[in-house]
Amino acid sequence: MEPELAVALPAVGAACATAFKPRPRLAFASAAALGVAGVVAVILSRADLTSDQLGIPLTLSPASRAILLAAAAALAILVALPPPRADRSNLLRWGLGGLAGMTAMAAAPSLGLGVIVLLLLLVLQASGTGHRVYANRFRAPALAVVLLALAIALAAMQGPSLLTRLIVVCLVAGLAAALGVLPYMHEFDPDEPTAVSPIPWLAFVGPVLAVVVVGRAEAMVEGAEDAFGALLIGLGLMNIVVATLATWRTSSDAAAWRYSFIADWGLALCGLGLVVPDGVGAALLVFYSILLGRLPLYLWSRQSLREKATTERPINFIVAAALAGSAPFAGFPARILLLRAATSLYWPLALVLALSFLLWLPGSLRLGRTIGAPTGRQLIGVAVALALSVAFGLFPRPLLGLAGL
Amino acid sequence: MTQLLSSSAGDTFSLLVYPGLVTIGLFGLAIEVAWSVISRQAVGRPTLRWRRPPTVQVIVALLAVLAAVQFAAPFNAVPTVDRNLVIAAIAIGFTAWAELALDPELVARPGLLLVIQSCWLLSVLGPAIEPESLRPQVLGNVLVASLLPVKVASGFLYLLCLPALMRLWPLSPPAERRLRPRFNATRAMLWFPYCGLFTTLFFPPQADDLAGVIRFFGISVVAALICVVIGTVLARRGAERARGLYTRAVAPYAFLVLALIVATLALVR
Amino acid sequence: MSDVAAFTAWLGAATIVLADSRRGLAAGLAILAVGAAGIVWSQGEQGGAIVLLAGGVLASALRFTSGPDGWGLMQPGSTPRLLFVVIVAVVALWVALAATSGGSAGFRFAALTTLVLLGGRLLEAADPVVMPTAVAGVALVLGMVSGDGIVPYAVAALVTAGVSAMPVPAARRPRGT
Amino acid sequence: MPPIALLAPIVLPVAAAAVAAASSRLGDQIARIAAASGAWASLGAVAVLWIAVRSTQELSVGPLGFGVGLDLRLDGIAVVFGVIALVPAALLLTLQERGWQESTVALLAIAAVVLAIESGNMILTAVGGCTAATLAVVQFDIEDVRAARPSWASVIIPWIALAWAGVTLQIESGTAVYAAVPVSALTTQIFGLVAIAALLGAGIVPWRGWAVGMWMRPSLRVASVTAATLLPLSLYLLVRAYELGNGLFPQSWLNLVLAAWGVLVALGSAIRAQAAPSRAEYMAETVQGLAGFALMSIAIGTAVGLFAGLILLGSAALVTAALPLLPDRRGPAALLVAAAAAGIPPGLAFGGRVLGLADAFETGNAFGLVAVAGAATWLVVAAAAARSVGLPAGRRRQASDALALVAAVLGVMVLASGPAVAALASLATDAIAGVMALPIGGLAADPFSIITVSTRLPAAALFGPLLLLGAAAVALSKPGPTTTAAQSRAPLFTVPGIAVLTAMRERLRSLKVPQQYRSLFDPAAMEAVAAGGRPVLWLASLVALAVAVTR
């Protein structure tokens, strides 16, 4: 019963937050209580437990479960220490809605059902009040859904090996389009509320979606695993190089933050493409650092981004180091795992990756400055994010163990 | 501890008396007089009344004695195994720079001096590369045919560099613009280190007897006199000729010696 | 039967591609639902077919209630869309009959042609009413291709109806990046 | 001594950093006291741990999750490098005025350096080193964000290279634990990565790198602590490479190349020093010069050479601690520190250089040529030091007389400890024996002399009396006249070709895309296309991906 509850409770929580909007306290209390209950259900949904209460077997894989917990933790941090001008119940509404969808995608027995849930999430997000044209908000995720659906349809057919390779293309391109990484970047408006911007695809829903798609893809790309890995690595490298340089050089600080998420995704895609456990572990650590580091820091920087206030205080440099993936922060062990995975497969790839790690530095210095001079709850939040990053950077074993690695 | 005290006593005697401070002083005084005679300059009278010596002379003296005790001089109390060519070469090399640091008025053209000193260092250490030994007496004893060309070439380079290193060239330092000659105590303390090292490196070590002592100091005096003669000739030819000799002749010759050392190394291996 | 259903599904998707107003879009969605349900029925999933048809028809009814009035079929400037519809049909037919096997040819044709047509419509459209209609169609097709047991069909049907029930926010001029 | 105590040298500075940060509201003095206490406590912990057992101690806490365990190992060589890194760092944190933020970050950096040195495996060393390098950059920016500092990339590259070497070792031999890696696993490629880490980790390069440039900052607080910790840490990697190779590098030519590189570094530093327009710029080269000689000595590949390298690193540590304490004005302190760095006999740097050069000669072959070059470089160093006495100060820093006195005392310590070099050798024998075989008869037969292949260095018997005589004679002597700065400013010599190289570099830097082609390389336009959410681009990408995969 746990997976069903893990989906239903946050969904009901989001619904309560919406329904009780006129009474913010009640909305917050009910959504928070149901959200906590949903997280408990996720914790209780072990990989070896399959529930069939609704007529379909629902299971949470260890990796999905670990990322769901990290996403829930990120949401909890953001609700406990909300960014300036952010409404807690609104944060909860969007966060719990996303969490319910992510859990449903992760628990779904087939990729098809997962994609249907993805489609629902995309419609829900597009229905929010944003600054971008409605069609533009819709377009890229909808393309992702179509491409993934095409992959499922092609997988249901038999044919020449070319067919499997087309499935590979549809899966990888669909995943990239859903995330909004290169070459399928979503349109971005710096002034748009984060919940309806492309950021949630990159920083909240994306990790679970990637784990689900890559996990389900194994059966669909039989015989073309090499092409699947190579395509993921190729896209990953392209995203690393372009996005790190763009983070450094782009004119808008908010856009720089968006590119920095994409650059991290480059690392994750390389890790997923390397298919060995070290690569997957690296990708998971990148996901953790996105969810528990980069996303909260981005949200806490929004105020100073609006005010265009950049400072050069110690906290800015330490945040920059954390964002750059330097030791002792969480990015460094991810990079070490990636290096080992790449070296074990093809050492020139490790060389390219090692050199690419340096591209994070200039952009991260820029992003660190945009945090401004945090005070009060923001300062506590930044300190918590940095502390978590150091803890995972020095001792990531519990996180990887949680994901079954 | 007893061993330490006894060897310290021996080394202290070597530093202070033979072949150290006293020997350096007497040798230097003699050669300075000879230089003044040959170059027809009145030697300045050393002032015999006690006065505090300038720091520069003290430092130069210390470096000189440190170098001198490394020599293969007969009756040297420092055990042969304790002598080290690098210590001797570097200690002598430091003397010029002690002067620049503590009394820059005494140093003419330090840049050129550095070039010449490098050439001299090559002539001192070059012959030690193939034997792979730093014992001065071992290097003096090298008479292997295949190593002799390097030894001879290095010895010649050593003699060419010596007048410049002893400031016998006509490039007068800023402080020498006075008419009345003065006794150059600093230079006097350098005669034995340079000439003794030449004898040690390029001639077989002498036995610990009177004949050995006479031969050792005889060769050193001859080296000093050759230096004095070259210096006199340079002084007559003028500053420009001297500078030309060292920049256009000695430095290229040093490269030739280096090439010879490398070739010998390659051939012997 | 599956061949007729496949043709119907293509017709529904083609109608969604060629229509710009609520009547046309609703009709397209309904026809697509019939075609998809037919395909599912032909695979022996009668329950799923009924659920899918119900979801599609409900979505079509909801679409009928909102959006610009009229049919808006093949309005001036829609020739490229017409060509697109025909070319996709021909290519999908070749792929379904000559290049692939497994399942019925009707299923293969219907899946490929509807997904490509609806995908093309999603990329090309700018109207806030067209997008959810095309997405609802995609949900129907997703139910058709991934259904296994009644639940996936029910979920797909619910999502199809839900998407059409979503309010369409008024579009604003984009700012910033 | 329980193995868990091996954490103490790392935990103590971290705890002190926490105290320093917590006491921020109480003013910087408390933080300064905490910083000093933390650094000294770490040093004390290392000393106590070693003295209590006098043998290698190990602690394995278990896997950390990224393929390595928290393996700590305190052996002799780790103790030696720990002391060399911690003594100057502790001195500087005690004597220099620092804000609480700087003190906190400096303590964390020190803890990271100790972790890197105590680490039992290469990857953990890389983590510690990368942390220390990152925190050094943070310190530089806290101190003065406008002043020139090492680029972040340049200090991170070596540690990424080391991490790569570590994971390659894991793949090829199953482990990166120093004590467990099979000798055959240290291939030339892996050693190349370790060497890159060692050379770039402390900026040991012949040109004017960040290791020299950081000494030109208006304030030397962070530069001194960074040099004190990162220089020994970097050369420590080469020593560990000896341990991995059972006392040898994978190929003997690697020893020669590294030794030659060391001489080149020292020569480059000496050439810049002899042309320095100010004393500040001269002093900026002193540590680099010592580092070059230390590298040359360590690279020779013998126990004597390694010991000489350690002696030179020790001298560099004391000079590093003295440099930021020197006042601008000329005086005995500056003279003593310059003399100590230049290797005036019978100082510690003199003994180290003599041993290194002698060892190179006795190793034979091309090492003899390297030794001749090293000796010539030493004379250039001496000339530069002599010239520096008359140079203008070049910086406007105020240093109290008390600090100047401490600097002078440190200079005297370097100059006066030459006679003790043999005693140090007998202390370091066990440490050196842990990484390479000692010569027959050991390094030092007794605490008074050091045995090399062809000679014996009678450190106590010769240098002792010379030191006493020198001290007495200098005390009785009369200082000479002072120089005029104008004379001293002229370089002793200029290297031909330098001007041409500089001009070429400037020309390369000034190269730009011609105006008419700039539109082709407009990043903003490219970004607009990529980020515009354009379906045409997406479809084109889809086709490209399909073509790429189906070919």
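When reading the values below, keep in mind they use all heavy atoms of this one structure, side chains included, and skip hydrogens, waters and symmetry mates. Chain identifiers are assigned alphabetically (A, B, ...) following the order of the sequence lines, protein sequences preceding nucleic acid strands; residue numbering begins at 1 within each chain.
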Beyond-backbone contact of D:Val137 with A:Phe317, side-chain heavy atoms, under 4.5 angstrom: no
For residues A:Phe332 and D:Cys130, determine if any side-chain heavy atom of one lies less than 4.5 Å from a side-chain heavy atom of the other. yes
Applying side chain to side chain contact (heavy atoms under 4.5 Å, CB included) to D:Leu70 and A:Leu394, what does each step give before you reach the verdict? CA-CA 9 Å; D:Leu70 181 56; A:Leu394 293 175; over 6 Å; no
Does any backbone or side-chain atom of A:Ala246 lie under 4.5 Å from a heavy atom of chain D? Answer side chain, backbone, both or neither. neither
For a 4.5 angstrom cut-off between non-hydrogen side-chain atoms, does D:Leu64 reach A:Arg397? no
Are side-chain heavy atoms of A:Ser326 and D:Ile156 found at a separation under 4.5 Å? yes
With side chains defined as the heavy atoms from C-beta onward, is the minimum distance between A:Trp347 and D:Gln189 less than 4.5 Å? no
Is any side-chain heavy atom of D:Trp164 closer than 4.5 Å to a side-chain heavy atom of A:Ile336? no
So, the part of A:Leu400 with a heavy atom under 4.5 Å from chain D: the answer is side chain
Counting only heavy atoms closer than 4.5 Å, note whether D:Ala153 contacts chain A via side chain, backbone, both or neither. both
Would you mind checking which part of A:Leu405 comes under 4.5 Å of any heavy atom in chain D, side chain (CB onward), backbone (N, CA, C, O), both or neither? neither
Is there side-chain contact between D:Phe66 and A:Asp278, with heavy atoms separated by less than 4.5 Å? no
Has A:Arg340 got a side-chain atom pairing as donor or acceptor with D:Val167's backbone, closer than 3.5 angstrom? no
On a heavy-atom basis, the closest approach of A:Ser344 and D:Ile171 is N-CD1, 3.5 Å
Testing the basics here: between D:Pro63 and A:Phe395, what is the closest heavy-atom pair and its distance to 0.1 Å? O-CE1, 3.6 Å
Check each atom of D:Val127 against the heavy atoms of chain A and say whether the ones under 4.5 Å are side chain, backbone, both or neither. both
Chain A contacts, top residue of D:Gly62, D:Gly67, D:Ala163, D:Ala161 (heavy-atom pairs, under 4.5 Å): D:Gly67
Max heavy-atom pair count under 4.5 Å with chain D, selected residue of A:Ala230, A:Ala227, A:Ala321: A:Ala321
Looking at A:Leu359, A:Val168, A:Thr250, which has the largest count of heavy-atom pairs under 4.5 Å with chain D? A:Thr250
Between A:Leu351 and chain D, which part of the residue has a heavy atom less than 4.5 Å away: side chain, backbone, both or neither? both
Of all the heavy-atom pairs spanning A:Ala327 and D:Thr131, show the shortest one and how long it is. CB-OG1, 3.3 Å
D:Ile160, part contacting chain A, at a heavy-atom distance under 4.5 Å: both
Please determine whether the number of non-hydrogen atoms from other residues, nucleotides or ligands lying under 6.0 Å from atom CH2 of A:Trp248 exceeds 12. no
So, the part of A:Arg139 with a heavy atom under 4.5 Å from chain D: the answer is both
Under 4.5 Å from any heavy atom of chain A, what part of D:Leu545 do you find: side chain, backbone, both or neither? both
First locate atom CD of D:Glu172, then atom OG1 of A:Thr343, and finally report the distance between them rounded to the nearest 0.5 Å. 9.5 Å
